[in-house]
Amino acid sequence: MTIREIGNYVDQEVCLLGWLYNKRSSGKLHFLQVRDGTETIQCVMFKGDFSEEVFKQADTVPQESTIQIIGTVKRDERSPLGYEIAVKHFELLNEAQEYPITPKEHGTAFLMDHRHLWLRSSRQHAIMQIRSQIIQAVRNYFDQNGFTLVDAPIFTPNACEGTTNLFETEYFEEKAYLTQSGQLYMEAAAAAFGKAYCFGPTFRAEKSKTRRHLTEFWMVEPEVAFNNLDDNIDLAEDFVVYIVQHVLQTCRRQLDVLERDISKLENIQKPFPRITYDEALQILKEKGTPEQQVPWGEDFGGDEETVISQQFDRPVFIHRYPAQCKAFYMKADPENPKVALNVDMIAPEGYGEVIGGGQREDNLDILTHKIQEHQLPMEAFDWYLDLRRYGTFVHSGFGLGIERTVAWICGLHHVRETIPFPRLMGRLRP
RNA sequence: UCCUCAGUAGCUCAAUGGCAGAGCAAUCGGCUGUUAACCGAUGGGUUGUAGGUUCGAGUCCUACCUGGGGAGCCA
């Protein structure tokens with residue numbers, strides 16, 4: 001029996017193993033908030049039902065002590081869960097030492113130092129359950145739509161985009177880097193399986209300190225043979241709607257705990273607006289401040305993304321950025337080679353870029369030329385160029401950042417709360 | 001890397017250059033329906049580190065360390 005399924009046990013006697021989350025006492029009555037990992041329930045003890053010692057003990061149990069409760073499940077409107085347990089038997093299995101996280105407020109640094117304990121708190125508990133459901137939705141979606149899971153390596157011999165800082169590590173006699181994307185490998189997978197995706201951690205050694213950045217984060221990256229840019233956007237749109245609807249169906253209580261505005265999520269239905277980079281610049285011209293006027297050719301910053309996303313009540317796709325600010329593998333638009341066939345998806349409410357992707361360059365000569373142009377080591381990409389030598393094909397894909405998606409769906413201010421043990425610049429512990 | 005703010009009790013924060021304090025937590029007592037319960041009492045301090053100015057520094061100055069917020073880059 002877990003508290004999550006307590007509704008099936010009304011008026012029955014149950015045995016509950018858990019931890020004391022909080023307690024209130026009223027002289028002849030104790031109210032114990034007990035959590036078992038699934039939920040928290042109020043357990044009520046009347047003085048007359050217990051010996052002097054046991055009733056006294058229950059009043060002095062420290063927070064987070066391990067306890068066993070035997071009692072009867074009652075429906076009760078006064079209890080937050082709608083049910084409570086009338087306790088018949090109380091046993092202290094382990095008395096906890098003084099618990100550092102109290103029901104009062106704490107600072108971010110203190111909570112992050114105690115992340116291993118903070119995960120027990122109701123808000124963090126709700127966030128992790130939503131994260132788990134988001135990941136389940138990701139897997140369901142691809143599994144049900146003919147994709148094959150193809151795991152990409154974490155050790156890589158070279159930078160696949162070259163520019164950003166990578167974590168370097170020793171690999172026997174040579175240097176290796178922690179992956180920043182599985183994309184190049186997914187292109188190989190698309191040629192082998194048609195529809196493929198990978199899901200795993202990625203690493204960026206950038207010394208960025210913002211609420212949207214982690215040094216280690218999880219990314220899901222589908223890649224599909226014979227999809228062009230429009231097909232790719234269709235896929236991303238369908239995928240995001242599926243994830244949000246799945247969370248709405250499975251995590252109502254958790255969204256409640258987080259006080260998330262559900263109506264904002266119910267809005268997330270097809271179609272999402274699709275605008276070009278040039279149209280996005282036009283929006284900034286009309287709605288942005290003087291500082292937010294981006295000259296053609298430059299990428300948007302967080303503030304600019306927010307201004308653009310505020311014009312819409314659902315995620316917005318921005319496509320065809322200037323090729324000069326995008327990676328070498330992006331295919332240029334045949335109708336205007338100055339722009340790339342890429343797409344970013346900006347989440348609403350200022351949550352920023354959640355998806356980045358596009359159609360890949362499939363021409364051997366053009367791709368070779370671009371690698372030279374970006375001054376990347378040709379030998380590192382020899383295997384990658386093989387994909388254009390042996391049956392090249394139109395293909396597209398994208399990467400979705402799990403933590404930013406969780407932050408958006410949960411309505412959180414900072415991505416550090418969206419992953420169990422965040423890795424940030426200057427934070428490696430716990 | 002740059003800009004900016006902060007560091008005082010276990011936690012969150014006060015303290016005009018002049019006696020280092022409150023709420024919560026802890027400990028003890030009270031209360032028969034509490035919802036961050038409430039009421040009373042008790043204990044709790046190398047004011048981030050090193051130096052300097054001053055009769056006197058938590059407070060002013062210098063350097064360093066740590067953390068928060070923001071920027072660039074990105075998912």
Side-chain angles (χ1 to χ4, degrees), chain A residues 21-33 40-49 55-56 59-60 62-64 74 76-81 84 86 96-114 117-118 121-123 161-166 180-183 201-221 236 291 298-305 325-327 343-347 351-357 398-408 413-416 418-419 424-427:
Chain A
Y21 189 67
N22 196 6
K23 66 171 186 292
R24 289 176 282 275
S25 177
S26 227
K28 306 284 192 306
L29 272 174
H30 296 327
F31 300 95
L32 309 179
Q33 315 297 322
T40 302
I41 192 167
Q42 174 158 283
C43 301
V44 186
M45 293 176 74
F46 284 90
K47 190 172 187 179
D49 297 341
F55 195 74
K56 175 92 179 166
D59 195 30
T60 57
Q63 198 183 349
E64 288 302 317
K74 300 285 182 195
D76 196 312
E77 292 305 316
R78 292 170 294 187
S79 191
L81 194 67
E84 58 182 31
Q97 296 181 21
E98 192 180 327
Y99 191 64
I101 301 178
T102 65
K104 293 282 179 180
E105 64 204 53
H106 297 285
T108 306
F110 178 80
L111 290 170
M112 290 296 288
D113 286 341
H114 294 85
L117 302 177
W118 191 23
S121 302
S122 59
R123 275 182 62 87
E161 296 183 26
T163 53
T164 48
N165 302 321
L166 301 182
Q180 61 179 342
S181 164
Q183 188 213 305
T202 49
F203 308 87
R204 308 265 165 106
E206 283 175 354
K207 294 188 175 176
S208 40
K209 277 177 58 175
T210 83
R211 60 197 168 89
R212 296 190 303 278
H213 286 85
L214 296 164
T215 56
E216 178 181 311
F217 65 97
W218 287 66
M219 190 154 66
V220 55
E221 294 173 276
E291 298 81 52
E298 277 182 32
D299 212 337
F300 304 120
D303 287 350
E304 289 87 47
E305 286 177 354
C325 68
K326 287 293 161 185
V343 63
D344 284 354
M345 191 193 83
I346 312 296
Y351 282 95
E353 186 183 342
V354 163
I355 282 179
F398 61 86
L400 173 137
I402 291 294
E403 285 73 19
R404 287 185 184 177
T405 303
V406 176
W408 163 46
H413 177 70
H414 201 299
V415 289
R416 67 185 157 215
T418 66
I419 184 167
L424 301 143
M425 184 178 84
R427 189 170 291 282

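Chain naming here is simple, since letters A, B, ... match the order of the sequence lines and numbering starts at 1 in each. If you're wondering where the values come from, they're calculated on a predicted model, not measured in any experiment.
Residue contacts for Glu105(A): at a heavy-atom cut-off of 4.0 Å it reaches a base atom on one of the strands shown. The residue Leu214(A) sits close to a base: some heavy atom pair falls under 4.0 Å. Heavy atoms of Glu84(A) sit under 4.0 angstrom from at least one base atom. No contact: Thr202(A) has no heavy atom under 4.0 Å from any strand. Among the heavy atoms of the strands lying under 4.0 Å from Phe110(A) are primed sugar atoms or P, OP1, OP2 only; no base atom is included.
Side chain of Glu64(A) to backbone of Pro100(A): no donor-acceptor contact under 3.5 angstrom is found. Remark: the backbone N or O of Gly182(A) is paired with a side-chain donor or acceptor of Glu221(A) at under 3.5 angstrom. Under the 3.5 Å distance criterion, the side-chain polar atoms of Glu216(A) are left unmatched by any main-chain donor or acceptor of Thr202(A). The main-chain N or O of Val415(A) is never found under 3.5 Å from a side-chain atom of Arg211(A) such that the two would form a donor-acceptor pair. At least one donor-acceptor pair under 3.5 Å links the side chain of His414(A) to the backbone N or O of Arg416(A).
Across the strands present, rA15(B) finds no partner; the criterion is a Watson-Crick or G-U wobble pair with both atom distances under 3.5 angstrom. Checking rG43(B) for Watson-Crick or G-U wobble geometry (two distances, each under 3.5 Å) identifies no partner in any strand. Using N1 to N3 plus N6-O4 or O6-N4 for Watson-Crick, or N1-O2 and O6-N3 for G-U wobble, each under 3.5 Å, rC2(B) pairs with rG70(B). Base pairing analysis places rU59(B) opposite nothing; no Watson-Crick or G-U wobble pair with both distances below 3.5 Å involves it. Across the strands present, rG7(B) finds its partner in rC65(B); the criterion is a Watson-Crick or G-U wobble pair with both atom distances under 3.5 angstrom.
Nearest approach of Arg212(A) to Tyr351(A), heavy atoms of both residues: CD-O, 4.0 Å. Between Cys325(A) and Asp299(A), the shortest heavy-atom contact is SG-N, 4.3 Å. The nearest pair of heavy atoms linking Arg404(A) to Glu353(A) is NH1-O, 2.8 Å. Counting all heavy atoms, side chain and backbone alike, Pro62(A) lies closest to Ala96(A) at CG-O, 3.3 Å. Across every non-hydrogen atom of Gly27(A) and Phe55(A), the tightest pair is O-CE2, 3.4 Å. Between Leu117(A) and Tyr99(A), the shortest heavy-atom contact is O-OH, 3.2 Å.
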List every contact pair, protein side and nucleotides 40-42 of chain B side both N or O, where the distance is under 3.5 Å.
none

Interface polar pairs with nucleotides 21-29 of chain B, N/O, under 3.5 angstrom:
from	atom 1	to	atom 2	distance (Å)
rG29(B)	OP2	Lys56(A)	NZ	3.3

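A distance of about 14 Å separates the P atoms of rG56(B) and rG18(B), rounded to the whole Å. Using P as the reference atom, rG51(B) and rA57(B) are 14 Å apart when rounded to the nearest Å. To the nearest whole angstrom, the two P atoms, one in rA20(B) and one in rA25(B), are 27 Å apart. Taking atom P in both rU12(B) and rA63(B), the straight-line distance is 28 Å, to the nearest Å. Here, rC19(B) and rA36(B) have their C1' atoms 34 Å apart, quoted to the whole Å. Separation of the P atoms belonging to rG52(B) and rC11(B) is 30 Å when rounded to the nearest angstrom. Rounded to a whole angstrom, the distance from the P atom of rG44(B) to that of rU35(B) is 31 Å. Comparing the C1' positions of rG43(B) and rA22(B) gives a spacing of 16 Å, expressed to the nearest Å.
Applying the 3.5 Å distance criterion, the base of rC74(B) shares a donor-acceptor pair with the side chain of His213(A). One N or O donor and one acceptor, one from the side chain of Arg404(A) and one from the base of rC74(B), sit under 3.5 Å apart. The base of rU35(B) is not paired with the side chain of Gln33(A) by any donor and acceptor separated by under 3.5 Å.
Residue Asn22(A) places no side-chain N or O under 4.0 Å from the OP1 or OP2 atom of rU34(B). Between Arg24(A) and the phosphate of rU34(B), there is no side-chain N or O to OP1/OP2 separation shorter than 4.0 Å.
Under the 4.0 Å criterion applied to side-chain N and carboxylate O atoms, Asp59(A) and Lys23(A) are not assigned as salt-bridge partners.
Whole-Å rounding puts the Lys47(A) NZ to rG30(B) C1' distance at 11 Å. One can place CD1 of Ile346(A) at 12 Å from P of rC74(B), the figure rounded to the nearest angstrom. Across the protein-nucleic acid pair, Gln180(A) atom CD and rA75(B) atom P stand 9 Å apart, rounded to whole Å. Atom-to-atom, CZ of Phe203(A) to C1' of rC74(B) comes out at 16 Å; the value is rounded to the nearest Å. Atom pair Phe217(A):CZ and rC73(B):C1' shows a separation of 12 Å (rounding to whole Å applied). With rounding to whole Å, Leu81(A) atom CG is found 16 Å from rU34(B) atom C1'. The interatomic distance linking Met45(A) (CE) with rU34(B) (P) rounds to 19 Å, in whole Å. Here the C1' atom of nucleotide rG72(B) and the CD atom of Glu305(A) are 13 Å apart, to the nearest Å.
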*What string of B, S and - do you get for nucleotides 64-70 of chain B 5' to 3' if you count protein non-hydrogen atoms under 4.0 Å?*
---SBBB
*With side-chain contact (heavy atoms from CB on, under 4.5 Å) as the test, would you mind laying out the steps for Ile402(A) and Met219(A) before giving the verdict?*
CA-CA 6 Å; Ile402(A) 291 294; Met219(A) 190 154 66; over 6 Å; no
*Taking it one step at a time, do His106(A) and Thr102(A) satisfy side-chain hydrogen bond (donor to acceptor under 3.5 Å, both in side chains)?*
CA-CA 8 Å; His106(A) 297 285; Thr102(A) 65; 3.2 Å; yes
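We find that the ring of Phe31(A) and the base of rA37(B) do not stack by the test of centres under 5.5 angstrom and planes tilted less than 30°.
Distances were taken from every side-chain heavy atom of Arg204(A) (C-beta onward) to each of rA75(B), rU12(B), rG33(B); the shortest belongs to rA75(B). Closest contact between the side chain of Ser26(A) and the listed nucleotides rU35(B), rU32(B), rA75(B) involves rU32(B). Of the candidates rA75(B), rC73(B), rC11(B), rC11(B) carries the atom nearest the His106(A) side chain, counting heavy atoms from C-beta on.
Using cut-offs of 30° and 60° for the angle between ring planes, the His114(A) and Phe110(A) rings count as tilted.
Looking at which nucleotide of RNA chain B each of Leu29(A) and Gly401(A) is closest to, the 5′-most match is held by Leu29(A).
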